Amino acid sequence: MTEAPVIELRDVYKSFGSNEVLKGVDLLVENDTSAVVMGGSGSGKSVLIKHIVGLLNPDKGQIIVNGKRVDQLVGDELDTVRLTIGYLFQSGALFDSMTVYENLDFFLERHSSDSESERAERIMETLSWVGLPEKRDEFPAQLSGGQKKRIALARAIIMEPEILLYDEPTTGLDPVSVRSVSELIVKLREEKGVTSVTITHDLLCAEIIADSIHFLHEGRFLTSGSLDEVRRYNHAAIATFFGN
C-alpha cells in the first residue's frame with residue numbers, strides 16, 4: 001500500500017480582492033522529503049506555505065496535512081496540527097527583548113508538560129544541535145545574521161515537529177552561512193525525519209536541500225523536478241529567474 005503524502009494541496013485558489021494569487025495549485029510532499037518552491041517575486045510562494053499551517057484559508061481547494069483537512073479545522077483541532085509544524089520566518093522573528101534561552105523556553109513553557117529542569121536540558125540539547133550553545137544568554141541584537149537564523153531554526157524545532165516550513169531561510173546571508181544553514185536543514189531531514197517545504201530564491205540553498213523543485217508562476221506551478229530539470233524547462237519566466 002502506497003504511503004499517503006504528508007502534505008497535499010489540491011486545486012488551491014486564493015485571491016485578495018481583485019488580486020488572484022493562487023490559481024489552482026496542486027502539490028504533494030512525501031514523508032521525509034524536502035520540497036522547494038521557487039519563483040519570481042509576487043508569485044505567491046509565501047501565501048502558499050501559509051495555507052499549510054492554517055494562517056490562510058483557500059477560497060477554493062483542499063489543504064491536507066497528515067490526513068487532516070487543515071482548511072476545515074478550527075480551535076483546538078487546528079492548534080494540535082500546528083504543534084506538529086515548525087515555521088521559520090524570513091526575518092527569524094526572534095523576540096528582541098528575550099535572550100536566546102528565553103526565546104526557546106517561551107514555547108516549551110506554554111506547550112509542553114516538561115519541568116523547568118527538563119526544559120533547560122532540551123533547550124541546551126537543541127542549541128548544541130545547531131552549534132550555538134554558548135549563545136544561550138545573548139540577545140538577538142548580539143548575534144550575526146547567520147547565528148540569528150540558526151537560533152530561529154532551534155526555536156522552530158524545539159517542539160520536535162514532524163514538518164518544517166522555511167520562508168527564505170538564507171536571505172541576506174553570506175555564502176558560508178548559506179551553506180551552514182542549508183546543511184542544518186538537510187541534517188534535520190536525515191537525522192530527525194523532518195518533512196519540509198522551503199521557499200527560496202537561493203540556488204546554493206536549493207541545490208543542497210532539495211529533493212524536488214516546484215516553480216510557481218502566475219499562480220500555478222509551471223514545472224517540477226530536480227534543479228537541473230527545472231532550470232532546463234523551456235519558459236521565459238524560468239530563463240529570467242535562472243539567468244539562462
Side-chain angles (χ1 to χ4, degrees), residues 2-14 20-53 58 61-66 85 87-88 90 153 162-171 173 175-244:
T2 303
E3 188 176 4
V6 173
I7 300 168
E8 184 173 5
L9 277 63
R10 297 179 181 171
D11 198 28
V12 172
Y13 285 76
K14 184 65 177 180
E20 299 178 23
V21 179
L22 302 179
K23 306 175 187 178
V25 168
D26 295 292
L27 177 66
L28 292 176
V29 184
E30 305 293 342
N31 188 40
D32 294 352
T33 64
S34 172
V36 170
V37 177
M38 306 186 87
S41 297
S43 58
K45 303 184 297 296
S46 293
V47 169
L48 186 150
I49 65 166
K50 285 176 181 176
H51 280 79
I52 297 171
V53 75
Q62 300 178 12
I63 314 292
I64 303 166
V65 175
N66 282 325
I85 302 172
Y87 199 117
L88 182 65
Q90 182 172 344
L153 180 57
E162 301 170 29
I163 297 166
L164 270 166
L165 307 177
Y166 303 97
D167 191 351
E168 298 284 6
T170 58
T171 293
L173 301 184
V176 173
S177 296
V178 168
R179 184 170 291 278
S180 174
V181 170
S182 300
E183 288 173 350
L184 278 175
I185 292 172
V186 173
K187 188 179 173 185
L188 273 168
R189 182 188 65 208
E190 293 180 346
E191 296 186 7
K192 298 182 181 291
V194 171
T195 303
S196 65
V197 180
T198 303
I199 293 170
T200 187
H201 66 277
D202 189 314
L203 298 183
L204 176 58
C205 176
E207 183 179 5
I208 293 171
I209 73 173
D211 291 314
S212 61
I213 304 277
H214 308 268
F215 194 91
L216 192 62
H217 177 65
E218 294 184 350
R220 295 185 180 90
F221 285 124
L222 274 180
T223 186
S224 299
S226 68
L227 184 60
D228 283 342
E229 287 169 339
V230 171
R231 193 198 303 264
R232 291 197 302 265
Y233 188 80
N234 185 20
H235 192 282
I238 287 179
T240 299
F241 184 87
F242 286 99
N244 296 344

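We're numbering straight along the sequence, starting at 1. Predicted model, so just to flag it, every value in this text is computed and none were measured.
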(message) Strictly distance-based, threshold 3.5 Å: is any side-chain N or O of T170 a donor or acceptor partner for the main-chain N or O of L173?
(response) no
(message) Closer than 3.5 angstrom, by distance alone: can the side chain of K45 be matched with the main-chain N or O of G40 as a donor-acceptor pair?
(response) yes
(request) Kindly say whether D211 contributes a backbone atom to a donor-acceptor pair with the side chain of T33 at under 3.5 angstrom? (result) no
(message) Please check if the number of heavy atoms outside R179 that lie under 6.0 Å from its CZ is greater than 12.
(response) no
(message) I'd like to know whether V25 forms a side chain to side chain contact (heavy atoms under 4.5 Å, CB included) with L48, so could you lay out the CA-CA distance, the side-chain angles of the two residues, the decisive distance to 0.1 Å, and finally the verdict.
(response) CA-CA 9 Å; V25 168; L48 186 150; 3.7 Å; yes
(message) Using the rule given for side chain to side chain contact (heavy atoms under 4.5 Å, CB included), can you reason through Q62 versus E8, listing the C-alpha separation, both sets of side-chain angles and the distance that settles it, and then say yes or no?
(response) CA-CA 8 Å; Q62 300 178 12; E8 184 173 5; over 6 Å; no
(request) Using the test salt bridge (charged side-chain N to carboxylate O under 4.0 Å, His left out), find all partners of R220 that sit at least two apart in sequence or belong to another chain. (result) none
(request) Please check if atom CG in N234 has more than 12 non-hydrogen atoms from other residues, nucleotides or ligands closer than 6.0 Å. (result) no
(message) Checking L22 against H51 for the side chain to side chain contact (heavy atoms under 4.5 Å, CB included) test, could you report, in this order, the C-alpha distance in whole Å, the side-chain angles of both residues, the deciding distance, and whether it holds?
(response) CA-CA 11 Å; L22 302 179; H51 280 79; 4.1 Å; yes
(message) For the CZ atom of R232 and the OG1 atom of T223, what is their distance to the nearest 0.5 Å?
(response) 10.5 Å
(message) With a 4.5 Å cut-off on side-chain heavy atoms, are V65 and I163 touching?
(response) yes
(message) Would the distance check show the side chain of E229 and the main-chain N or O of S226 forming a donor-acceptor pair, the cut-off being under 3.5 Å?
(response) yes
(request) Compare all side-chain heavy atoms of I52 with those of V197 and state whether any distance is below 4.5 angstrom. (result) yes
(request) Provide the closest heavy-atom pair for Y87 versus L164 in the form atom of the first, atom of the second, distance. (result) N-CD2, 4.2 Å
(message) If you compare all heavy atoms of V36 against all heavy atoms of A206, which two are closest, and at what distance to 0.1 Å?
(response) CG1-CB, 4.4 Å
(message) So, taking the atom named CZ in R10 and the one named CG in L27, what distance separates them when rounded to the nearest 0.5 Å?
(response) 12.5 Å
(request) Taking the side chain as every heavy atom from C-beta outward, state whether V29 and L9 have any pair of such atoms under 4.5 Å apart. (result) no
(message) Using every non-hydrogen atom in the two residues, find where T195 and D32 come nearest and quote the distance to one decimal.
(response) OG1-N, 2.8 Å
(message) Please find the pair of heavy atoms, one from N66 and one from E162, that lie closest to each other, and give the distance.
(response) ND2-OE1, 3.0 Å
(request) Could you tell me whether the side chain of T198 reaches within less than 4.5 Å of the side chain of P169, counting heavy atoms only? (result) yes
(message) Can you give me the closest heavy-atom contact between P5 and E30, atom names plus distance?
(response) CA-OE1, 3.8 Å
(message) For I209, is there any backbone N or O sitting under 3.5 Å from a side-chain donor or acceptor partner on S34?
(response) yes
(message) On a heavy-atom basis, which atom in G44 and which in V21 lie closest, and how many Å separate them?
(response) CA-CG1, 3.5 Å
(message) Once rounded to the nearest 0.5 Å, what's the spacing between atom CD1 of I185 and atom OG1 of T200?
(response) 8.0 Å
(request) Could you tell me whether the side chains of S43 and H217 share a donor-acceptor contact shorter than 3.5 Å? (result) no
(message) Would you compute the distance between atom CG of L188 and atom CG of L184 and round it to the nearest 0.5 angstrom?
(response) 7.0 Å
(request) Give the ring-plane orientation class for F241 versus F215, where under 30° counts as parallel, over 60° as perpendicular and anything between as tilted. (result) perpendicular
(request) For K14 and V47, indicate whether the former's side chain and the latter's backbone hold a donor-acceptor pair under 3.5 Å. (result) no
(request) To the nearest 0.5 Å, tell me how far I49 CD1 sits from D167 CG. (result) 4.5 Å
(message) Apply side chain to side chain contact (heavy atoms under 4.5 Å, CB included) to residues F242 and L227 and explain how you reach the verdict.
(response) CA-CA 10 Å; F242 286 99; L227 184 60; 3.9 Å; yes
(request) Check for a donor-acceptor pair, side chain of D26 on one end and backbone N or O of D11 on the other, with a separation under 3.5 Å. (result) yes
(request) Look up atom CG in L88 and atom OG in S196, then write down how far apart they are to the nearest 0.5 Å. (result) 11.0 Å
(request) Return yes if some donor-acceptor pair links the side-chain N/O of S182 with the main-chain N/O of V178 below 3.5 Å, else return no. (result) yes
(request) Using a 4.5 Å cut-off on heavy atoms from C-beta on, say whether the side chain of I199 contacts that of M38. (result) no
